[in-house]
Protein chains: 2
Amino acid sequence: MLTMSTLKKSDAEFHHGDLQAALVTAGLRHVEKHGLNSLGLRQLALVTGVSPTAVYRHFEDLEHLKASVAKAAREVLGKMMVDALKSAPANKTEKGAIARFLAIGGAYIDFGIKKSNLCEIAFICFDSPELEPDSPNPSELLIASLTELNEIGCLSDKNFKIAPMIAWSMVHGFAGLAAQGATGSVQETNASKKEVLLSVLKSLDIK
Amino acid sequence: MLTMSTLKKSDAEFHHGDLQAALVTAGLRHVEKHGLNSLGLRQLALVTGVSPTAVYRHFEDLEHLKASVAKAAREVLGKMMVDALKSAPANKTEKGAIARFLAIGGAYIDFGIKKSNLCEIAFICFDSPELEPDSPNPSELLIASLTELNEIGCLSDKNFKIAPMIAWSMVHGFAGLAAQGATGSVQETNASKKEVLLSVLKSLDIK
DNA sequence: CTTTAATGTTGACATTGTTAACATTGTGCC
DNA sequence: GGCACAATGTTAACAATGTCAACATTAAAG
């Protein structure tokens with residue numbers, strides 16, 4: 001099962017290799033460039049170089065395909081957050097932990113600002129499947145950062161209980177508003193981004 | 001213009017009276033019950049008792065019709081907020097102003113919880129038209145409540161500047177998460193709702 | 001009363017999502 | 001190695017959708 005000497009691609013190219021992933025990737029690219037509403041099954045099959053009905057070997061439905069694209073979009077968000085985490089200071093101090101929280105929270109917001117089309121599909125999915133086990137989960141990354149703040153000692157146990165919902169709501173809400181241009185000009189948005197993140201810390205008695 | 005002795009409905013019923021509004025209302029009802037993705041032009045025309053192409057006399061496009069339904073959904077949210085405001089204490093005191101803020105913020109969140117399908121379409125619209133001039137605007141209601149807190153004296157001018165974005169992001173984010181069931185059970189959600197609203201006040205140094 | 005704009009209808013077309021029936025490829029078993 | 005079988009892809013067709021062009025009816029204006 002799943003042998004086929006990985007990536008041999010078969011001379012006649014009758015079999016695609018990994019059509020499932022190819023369709024999702026193509027769908028992700030399309031949404032990023034042209035938005036969600038124009039995402040169609042046939043066009044997607046055409047771009048991938050395959051017949052429309054081949055899609056049904058991998059997805060029950062167009063809705064299920066969309067759900068997979070939504071999953072991929074959330075994985076992009078997760079990657080942006082870990083990238084931001086890597087570029088943040090690694091000091092195991094209070095200041096470092098705060099900087100890391102600002103980094104991943106900021107990355108979540110940047111997802112709304114810079115990848116607004118992906119943001120549109122990422123969360124507007126009803127019955128969306130779980131992320132890949134090895135793929136970083138956005139809300140879990142937020143929780144991990146808050147856990148770190150708690151363990152270091154600058155986030156009380158009482159506040160820690162409500163912290164995930166507070167931080168997630170705020171960051172998610174601002175990202176969504178920014179994605180649909182409700183946060184004003186670019187500089188206004190960037191100013192608000194900072195204030196929004198700091199207000200989360202303030203409401204949690206941090207710093 | 002627009003005479004026709006309002007609501008005479010014309011014997012032959014060739015003309016509908018106010019098809020534009022009827023289509024939007026039907027669209028709103030459909031989305032509320034069956035979700036957004038199944039919202040179609042033909043089905044909508046059928047329900048309204050009119051031919052499919054009649055829709056094009058009132059809407060350039062299906063997208064524009066959807067945008068009008070989205071506008072109507074935001075107006076529903078606005079009405080829920082003013083209703084909550086009416087049911088809140090009217091004391092012109094600090095406590096009263098806080099209670100009113102919690103009421104309209106809570107209504108925004110309830111919109112996400114109890115009208116999740118409307119919440120789905122309300123904000124996922126690109127080029128959505130402005131609300132009716134007399135219809136209460138959600139974000140402006142939030143701002144008005146914060147203005148009141150500022151005028152009463154329990155919200156500093158400095159915090160007042162950032163307050164709209166803070167409050168709007170938080171409430172909008174939690175409503176969105178609740179709408180897609182990301183906030184846990186019903187009681188968990190209600191508990192979080194309270195914490196979320198209080199944390200906004202806290203981050204603004206209120207109370 | 002006639003002209004004209006507004007509003008609605010019919011018929012047709014291209015495109016879409018989906019299904020059924022058929023074809024090809026790779027895998028595992030003897 | 002040869003053969004059944006599951007996996008994967010193809011073609012042909014269907015119903016339904018959004019949209020357009022041409023026509024019909026009603027209301028409004030002179």
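Reminder, nothing fancy here: chain letters follow the sequence lines and each chain counts from 1.
Counting distance only, with no hydrogens placed and no angle test, the side-chain atoms of T53(A) and the base atoms of dT18(C) include no donor-acceptor pair under 3.5 Å.
Rounded to whole Å, the distance from CG on L41(B) to P on dT15(C) is 19 Å. In this structure, Q20(B) places its CD atom 10 Å from P of dG8(C), rounding to the nearest Å. Computed from coordinates, the R42(A) CZ to dG18(D) C1' distance equals 15 Å when rounded to whole Å. What separates CD of E63(A) from P of dT16(C) is a distance of 16 Å, to the nearest Å. Atom-to-atom, CG of L46(B) to P of dG18(D) comes out at 12 Å; the value is rounded to the nearest Å. Regarding L44(A), its CG atom lies at a distance of 9 Å from the P atom of dG17(C), rounded to whole Å. A straight line from CG of L62(A) to P of dT17(D) spans 15 Å, rounded to a whole angstrom. To the nearest angstrom, P of dT17(D) lies 12 Å from CG of L39(B).
Of the two residues near DNA chain C, R57(A) and Q43(A), the one whose nearest nucleotide lies more 5' is Q43(A).
For dG8(C), the OP1/OP2 oxygens have a side-chain nitrogen or oxygen of H58(B) closer than 4.0 Å. Contact annotation: Y56(A) side-chain N/O to dT18(C) OP1/OP2 distance is under 4.0 Å.
Here the nucleotide nearest the side chain of S51(A), chosen from dT18(C), dT19(D), dT10(D), is dT10(D).
When all heavy atoms of V196(B) and I166(A) are compared, the pair lying nearest together is CA-CD1, 3.8 Å.
R74(A) places no side-chain N or O within 3.5 Å of a backbone atom of F123(A) that could act as its donor or acceptor partner. Between the side chain of T189(A) and the main chain of T183(A), a donor-acceptor pair closer than 3.5 Å is present.
Residue E148(A) places its CD atom among more than 12 non-hydrogen atoms of other residues, nucleotides or ligands, all under 6.0 Å distant.
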